[in-house]
Amino acid sequence: MGFPKGFLWGVSTSAYQIEGSPLADGADPSNWQRFCAPGGAGAHLAPRGDRACDHYRRWREDVALIRELGFGSYRFSVSWSRVMPGGRVNAAGLDFYRGLADALLEAGIQPQITLHHWDLPAELEDRGGWLDPDLPGRFGDYAHVVASALADRVPMWATLNEPWVMMHEGHLTGSHPPCHRDFRELPRVSHNLLRAHGLGVQACRAAGARSVGLVVNIEPKHPASDRPEDLAAAARADAYMNRQYLDPVLLGRYPEELPELFGAAWPEFPEDDFKLIRQPLDYLGVNYYSRGITRHDPAAPFGRWSGVPHPTHLRTEMDWEVYPEGLTETLLWLRERYGEMPLYVNENGAAFRDPDKAPPGGVQDPLRVDYFRTHILAVRDAIDRGADVRGYSAWSLLDNFEWALGFEKRFGIVHVDYDTLERTPKASARFLSGVARSNGQSLYPPR
Ligand code: IFM
């Protein structure tokens with residue numbers, strides 16, 4: 001019963017999704033600020049990301065909220081264009097994150113930093129973004145600046161959040177900046193992200209960071225049938241989404257399916273790059289939301305597979321199947337494929353429809369409560385079966401800017417009224433607070 005002693009219960013956010021004030025105190029525009037500005041592909045998103053949850057000005061209130069809810073950790077990301085506008089170090093940008101980290105520590109909450117959660121300085125995107133072979137080096141410089149300023153007080157670091165999404169949405173579907181739709185770009189984008197990760201780990205360590213990892217999103221790919229074509233399609237989808245990043249980082253090579261998948265677009269990569277990419281890690285961060293049921297589909301525009309919805313399982317507002325067993329499967333699969341390693345569930349959560357205004361009795365969100373309950377029990381199951389899981393962080397502390405989908409999808413355990421920016425904990429916040437304070441005991445009602 002309960003969870004291992006010292007298990008870390010936390011909440012996650014990211015810079016552009018909550019901060020607002022993107023140009024304050026000397027910051028430069030990021031690719032997402034530009035995406036949401038008039039004339040940008042996301043200009044219709046209202047209210048725009050420029051205000052988001054106004055965390056940049058209300059962060060003290062948010063720290064107090066995390067403390068009141070009893071969480072032991074808070075995972076947030078740093079805005080690159082705030083701390084290094086035009087490539088120069090901006091003391092005011094670093095001061096913001098230093099102040100936040102100190103306030104968390106004072107409140108007994110462990111800060112966890114993600115260096116890059118998708119918001120890239122716009123000028124670096126203009127130079128080619130993740131297609132630019134020089135960007136990994138610039139990321140290494142940025143990582144060194146941030147870690148030199150904060151490693152003395154921040155114990156956990158991650159280089160990148162969900163590199164797969166940056167590649168897939170930015171260069172295949174085109175729904176995120178830089179809004180390209182060209183599968184031939186994907187291998188180069190991935191490889192540059194992986195090199196950036198390697199240089200970021202080295203830079204963090206050189207600056208004294210103690211625990212350094214990577215955060216990936218994993219979705220088990222299940223074949224729609226036992227037909228060999230569907231089995232092969234599920235393997236291709238798995239290589240593309242789940243192993244494309246983990247195999248190079250943890251095994252020093254790409255999955256064997258990828259050269260065939262990309263055909264002539266697959267470049268020869270220098271062997272030395274894999275030494276850089278395969279830096280020893282202190283932990284792996286896992287973001288889990290759903291699984292994918294996959295069938296062979298020769299008409300699919302890329303990869304010859306497509307997704308098949310489960311006929312009866314509940315789906316969230318994102319149209320993602322609720323499938324907690326997939327989290328146990330993921331955590332056990334990581335151990336089996338890559339060996340013993342400390343794992344943290346760094347994101348897990350669900351968008352369900354909540355009212356725009358919090359009613360007087362608070363927001364009741366039973367579907368989200370059930371989502372958390374079943375997924376946390378799935379983590380427990382994985383621990384019982386040998387996975388070394390050290391923490392669980394809910395996505396997300398606040399309702400926030402869900403990227404190209406704007407503010408409509410509410411993932412928060414705390415409701416945000418986008419007119420007044422008032423924060424109101426939902427029933428799910430109270431539920432998770434009980435789980436955190438009891439180290440999981442509250443999941444098991446007394447007999
Ligand atoms: O909001 C995102 C987050 O930025 C990255 N992981 C998935 C979340 C929900 O889509």
Side-chain angles (χ1 to χ4, degrees), residues 10-20 22 30-33 35-36 42 45 48-49 52-53 55 74-80 112-120 158-170 173 175-177 193 197 213-220 241-242 245-246 284-292 307 315-323 326-327 330 344-354 365 367-368 371-372 375 391-416 418 426 428:
V11 274
S12 284
T13 62
S14 88
Y16 192 74
Q17 291 183 274
I18 63 165
E19 284 179 358
S30 72
N31 56 346
W32 275 97
Q33 193 268 334
F35 181 86
C36 296
L45 302 171
R48 294 202 313 264
C53 305
H55 171 79
Y74 176 54
R75 170 178 174 256
F76 59 95
S77 75
V78 170
S79 156
W80 189 341
Q112 282 187 42
I113 282 188
T114 304
L115 285 161
H116 186 54
H117 193 130
W118 309 358
D119 50 335
L120 185 68
T159 52
L160 308 175
N161 179 71
E162 301 182 1
W164 180 83
V165 175
M166 288 189 260
M167 173 204 69
H168 181 78
E169 303 293 355
T173 71
S175 63
H176 290 187
L193 283 161
H197 161 74
L214 170 72
V215 180
V216 289
N217 55 317
I218 301 287
E219 204 177 272
M241 181 165 181
N242 300 324
Y245 293 90
L246 289 180
L284 183 72
V286 181
N287 296 353
Y288 176 84
Y289 290 90
S290 188
R291 69 159 164 183
R315 303 182 83 76
T316 70
E317 282 288 300
M318 299 292 282
D319 203 25
W320 296 343
E321 178 189 347
V322 176
Y323 188 69
L327 180 49
T330 294
Y344 287 82
V345 176
N346 268 344
E347 286 183 26
N348 177 237
F352 286 114
R353 196 167 283 283
D354 298 318
D365 54 345
L367 292 177
R368 193 174 289 105
Y371 184 98
F372 283 127
H375 285 77
Y392 174 93
S393 198
W395 184 268
S396 180
L397 171 66
L398 303 171
D399 289 332
N400 61 45
F401 177 73
E402 180 55 22
W403 306 109
L405 300 175
F407 292 89
E408 215 181 279
K409 311 289 179 204
R410 290 179 179 269
F411 273 93
I413 60 169
V414 172
H415 180 273
V416 176
Y418 290 121
K426 304 177 190 176
S428 54

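Both ligands and their constituent atoms are indexed starting at 1 by order of listing. Just so it is clear, the model here is predicted, and its values are computed rather than measured.
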Peer 1: Determine the interplanar angle of the H116 and W80 rings, folded into 0 to 90°, and report it as parallel if under 30°, tilted if 30 to 60°, perpendicular if over 60°.
Peer 2: perpendicular
Peer 1: Does atom CZ of R315 have more than 12 heavy-atom neighbours from other groups under 6.0 Å away?
Peer 2: yes
Peer 1: How many angstroms lie between atom CD of E19 and atom CD of Q33, to the nearest 0.5 angstrom?
Peer 2: 12.5 Å
Peer 1: Counting only heavy atoms closer than 4.0 Å, does ligand 1 sit against the backbone of Y288, its side chain, both, or neither?
Peer 2: neither
Peer 1: When the ring planes of F411 and W320 are compared, do they come out parallel, tilted or perpendicular, using 30° and 60° as the limits?
Peer 2: tilted
Peer 1: When only distance counts, is E162 in polar contact with ligand 1, meaning an N/O pair under 3.5 Å?
Peer 2: yes
Peer 1: Tell me whether the rings of F401 and W32 are parallel (<30°), tilted (30 to 60°) or perpendicular (>60°).
Peer 2: perpendicular
Peer 1: Indicate the ring-plane relationship of Y392 and F372, choosing parallel, tilted or perpendicular according to the 30° and 60° boundaries.
Peer 2: perpendicular
Peer 1: Please state which option from Q17, M318, E402, K409 has its nearest heavy atom closest to atom 9 (C) of ligand 1.
Peer 2: E402
Peer 1: What are the atoms of ligand 1, with element, lying closer than 4.0 Å to any heavy atom of W320?
Peer 2: 10 (O)
Peer 1: List every atom of ligand 1 that sits less than 4.0 Å from any heavy atom of H117, numbering the atoms from 1 in the order shown and giving each element.
Peer 2: 3 (C), 4 (O), 5 (C)
Peer 1: Considering only protein heavy atoms, which is closest to atom 8 (C) of ligand 1, and at what distance to one decimal place?
Peer 2: Y289 OH, 3.5 Å
Peer 1: Suppose I only count heavy atoms of W403 and a 4.0 Å limit; which atoms of ligand 1 are within that range?
Peer 2: 1 (O), 2 (C), 3 (C), 4 (O)
Peer 1: Could you list the atoms of ligand 1 found under 4.0 angstrom from a heavy atom of E347?
Peer 2: 3 (C), 5 (C), 6 (N), 7 (C), 8 (C)
